[in-house]
Structure formats: C-alpha cells, structure tokens
Undergrad: 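First, the structure itself, so that you have it in front of you.
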Amino acid sequence: MKKKYQGSAGVKQAQLQVLRRDFKTLQMKDGKSVTSYCARDMEISNKTWFHGKKIEDVAIMENILCSLTPKFDYVICFIEESKDIDSLSINELQSFLLVYEQKMNRSSNFEEQALKAFTNTHFSSST
C-alpha cells in the first residue's frame, strides 16, 4: 500500500527534487494575497514532508520573507530587525504580513476614493 501511494525510492527522489525546486523558486505574484501565498508555500512543504523530508519552519519563513513582492520590504525589514526568526512561528509571521497587507489595502482604497472625489469635483466645477 505504501509503495502504491509513495512510489519506489527513485520516484520518491524525483518527486522530492521537483518539490525542492518549486520551493526554492516560489515567488509571490503581484495581486496575490499573503494568505494564498503562504498556503502555497505550506502546500509544497507538506508534500515534501509526505515524501519523507521535513523542511524546517525557519527555512519556510526565510523562503517566504525572501520571495514576497517589493511592497512588503518595509515589514520584512521590521520583522528581521525586531524579531528573532528562530523563535517566531509561521502563524505569527503570516499574521504580521496579513496585518500589513490589510493596512496597505485600506490606505490604497482611501487614496482611490480621494482621487475619485477630486476628479468628480474638478470636472463638475469646470462645466
């Protein structure tokens, strides 16, 4: 049964190679949420564990921090300077990133509303 679902040693090694490559090359895409990106990272980590190799939490967190979009640079610097990554959990890291993302989204929505209000008043006063 185990051999049926995990495959032979050679197949298992090949699957681990693919998963390691996916893990190392994973990059957050613009427009993706922190939640979906972290879930993808954890999915690869869990598949790797299923095939017999555990990726340490610190390695997962370092991979997440190194592969976020540039809009997260400020919070990454804050986390790296003020927190001991070895004592931080993946859930805590995700929470920090999620709060930052929500604040950025709120501020960009405010800027959009201000621009719309300015545009509407500018065009209505010029007619």
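What you see is a predicted model, and the numbers here were worked out from it, not measured in a lab.
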Undergrad: When clusters are formed by joining ILVMFWY residues with side-chain heavy atoms under 4.5 Å apart, either directly or through shared neighbours, do V58 and W49 land in the same one?
TA: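 No, V58 and W49 fall in different hydrophobic clusters.
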
Undergrad: For the hydrophobic clusters of this structure (ILVMFWY residues joined by side-chain heavy atoms under 4.5 Å, transitively), does one cluster hold both V18 and F23?
TA: no

Undergrad: Sort and list the pairs that fulfil salt bridge (Lys or Arg N to Asp or Glu O under 4.0 Å) and have at least one residue in residues 13-22, not counting sequence neighbours.
TA: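 Residue pairs passing salt bridge (Lys or Arg N to Asp or Glu O under 4.0 Å), neighbours aside: none found.
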
Undergrad: To the nearest 0.5 Å, tell me how far C38 SG sits from L93 CG.
TA: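 It comes to 6.5 Å.
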
Undergrad: How close do I60 and M42 get, counting heavy atoms only, and between which atoms?
TA: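 Scanning both residues completely, I find the closest heavy atoms to be CG2-SD, 3.9 Å.
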
Undergrad: For K53, look at atom NZ and say whether over 12 heavy atoms of other residues, nucleotides or ligands are found less than 6.0 Å away.
TA: no

Undergrad: Give, for atom NZ of K24 and atom CG of L19, the distance between the pair rounded to the nearest 0.5 Å.
TA: 12.0 Å

Undergrad: Rounded at 0.5 Å granularity, tell me how far CG in L68 sits from CD1 in I76.
TA: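 Reported to 0.5 Å precision, the distance equals 4.5 Å.
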
Undergrad: Step by step, would you call I64 with V34 a side chain to side chain contact (heavy atoms under 4.5 Å, CB included)?
TA: CA-CA 10 Å; I64 290 171; V34 167; over 6 Å; no

Undergrad: Do the side chains of I85 and L65 get nearer than 4.5 Å, heavy atoms only?
TA: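 Yes, side chains in contact.
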
Undergrad: Say whether I55 and L16 are linked into one hydrophobic cluster, either directly or through other cluster members, by side-chain heavy-atom distances under 4.5 angstrom.
TA: no

Undergrad: Hey, any chance V99 and L88 share a hydrophobic cluster, counting ILVMFWY side chains that come within less than 4.5 Å of each other, even indirectly?
TA: no

Undergrad: With no hydrogens and no angle check, is any side-chain donor or acceptor of N63 less than 3.5 Å from a backbone partner on A59?
TA: no

Undergrad: Quick one: salt bridge (Lys or Arg N to Asp or Glu O under 4.0 Å) pairs with a partner in residues 27-49, sequence neighbours left out?
TA: R40-E43, E43-K47

Undergrad: Would you mind reporting whether S67 and M28 have side-chain heavy atoms less than 4.5 Å apart?
TA: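 Answer no - side chains too far apart.
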
Undergrad: Classify the ring geometry of F72 against Y100: parallel below 30°, tilted from 30° to 60°, perpendicular beyond 60°.
TA: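 Tilted, since the angle between the ring planes falls between 30° and 60°.
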
Undergrad: Q15 and H51: which non-hydrogen atoms are nearest, and at how many Å?
TA: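 Residues Q15 and H51, closest heavy atoms: OE1-CE1, 2.8 Å.
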
Undergrad: To the nearest 0.5 Å, tell me how far K103 NZ sits from L98 CG.
TA: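 That separation rounds to 11.5 Å.
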
Undergrad: Rounded to the nearest 0.5 Å, how far apart are OG1 of T35 and CD of Q94?
TA: 5.5 Å

Undergrad: What do the steps show when you test S36 against S33 for side-chain hydrogen bond (donor to acceptor under 3.5 Å, both in side chains), and what is the final call?
TA: CA-CA 5 Å; S36 66; S33 71; 3.1 Å; yes

Undergrad: Taking all non-hydrogen atoms of both residues into account, name the closest pair between I44 and L26 and its distance.
TA: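 In this case the closest contact between I44 and L26 is CD1-CD2, 4.2 Å.
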
Undergrad: For S89, is there any backbone N or O sitting under 3.5 Å from a side-chain donor or acceptor partner on E92?
TA: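 Judged by distance alone, yes, a pair lies under 3.5 Å.
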
Undergrad: Answer yes or no: are there more than 12 heavy-atom neighbours, outside E81 itself, under 6.0 Å from its atom CD?
TA: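 Open: at most 12 neighbouring heavy atoms sit under 6.0 Å from CD of E81.
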
